[in-house]
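Report on one structure; see the data block that follows.
None of the values given here were measured: they were computed from a predicted structure. Counting from 1, the numbers follow the sequence of the chain as shown.
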Amino acid sequence: PEVNVTVELGKSNQFVVKLSGKTTGTTQVAAVGGKLDFEKLTQTLAGTKARFPNVSAVTLTADNSTEYKDVVKTMEVVRKSMPVVMLGGF
């Protein structure tokens, strides 16, 4: 693929979306009201997909303190934009 996409779930209920490859960049998706902002994550990934239509996979990583339900919910949300979700760094 042109770029590799990684979504990190951080300690403070934020997402960090990282691009590596032909293009590099980092986008932070801050928590809203102390909760993960799945809507903003979806928008961020949709923008990435629009820029790089051949990209269909995301690597998902999470901090050790991240709850399992948040990992599963994130996988469900990511699949709306990118059909392949790989787990890494656990």
Side-chain angles (χ1 to χ4, degrees):
E2 298 174 73
V3 296
N4 295 311
V5 182
T6 302
V7 174
E8 298 176 358
L9 281 89
K11 289 181 183 179
S12 57
N13 280 341
Q14 73 172 2
F15 296 109
V16 179
V17 180
K18 294 183 178 181
L19 301 179
S20 59
K22 289 186 178 180
T23 300
T24 60
T26 301
T27 303
Q28 296 203 11
V29 179
V32 174
K35 296 183 179 183
L36 293 165
D37 189 350
F38 291 109
E39 183 176 325
K40 180 68 174 175
L41 176 62
T42 300
Q43 292 172 357
T44 301
L45 291 175
T48 301
K49 183 71 173 174
R51 285 178 55 203
F52 306 102
N54 293 333
V55 175
S56 62
V58 171
T59 301
L60 176 63
T61 65
D63 183 77
N64 288 339
S65 64
T66 303
E67 292 187 31
Y68 178 73
K69 67 179 178 64
D70 292 333
V71 173
V72 172
K73 174 70 175 173
T74 302
M75 290 174 67
E76 292 171 351
V77 169
V78 168
R79 282 190 182 126
K80 293 177 184 175
S81 300
M82 308 275 188
V84 178
V85 180
M86 300 173 285
L87 299 177
F90 285 93

Next item on the list: Side-chain contact test, heavy atoms from C-beta onward, threshold under 4.5 Å: evaluate it for Val5 versus Thr48 and give yes or no.
Entry: yes
Note to self: Per the ring pair (Phe, Tyr, Trp, His ring centres under 6.0 Å) rule, what does the pair list look like for residues 40-62, sequence neighbours excluded?
What the structure shows: none
Item checked: Test log, rule side-chain contact (heavy atoms from CB on, under 4.5 Å), inputs Val58 and Met86 -> CA-CA 6 Å; Val58 171; Met86 300 173 285; over 6 Å; no
Indicate every side-chain donor-acceptor pair of residues 12-39 with a distance under 3.5 Å to a residue at least two apart or in another chain.
residue	atom	partner	partner atom	Å
Asn13	ND2	Gly34	O	2.6
Lys18	NZ	Glu8	OE2	3.1
Asp37	OD1	Glu39	N	3.4
Asp37	OD1	Lys40	N	3.1

Next item on the list: Rounded to the nearest 0.5 Å, what's the gap from OG1 on Thr44 to CG on Leu41? Could you check?
Entry: 6.5 Å
If you look only at distance, which donor and acceptor atoms sit under 3.5 Å apart when one is on a side chain in residues 68-85 and the other is two or more places apart or in another chain?
residue	atom	partner	partner atom	Å
Thr74	OG1	Asp70	O	2.7

Margin query: Would you say that Leu60 contacts Thr6 through its side chain, given a criterion of any heavy-atom pair below 4.5 Å between the two side chains?
Written below: no
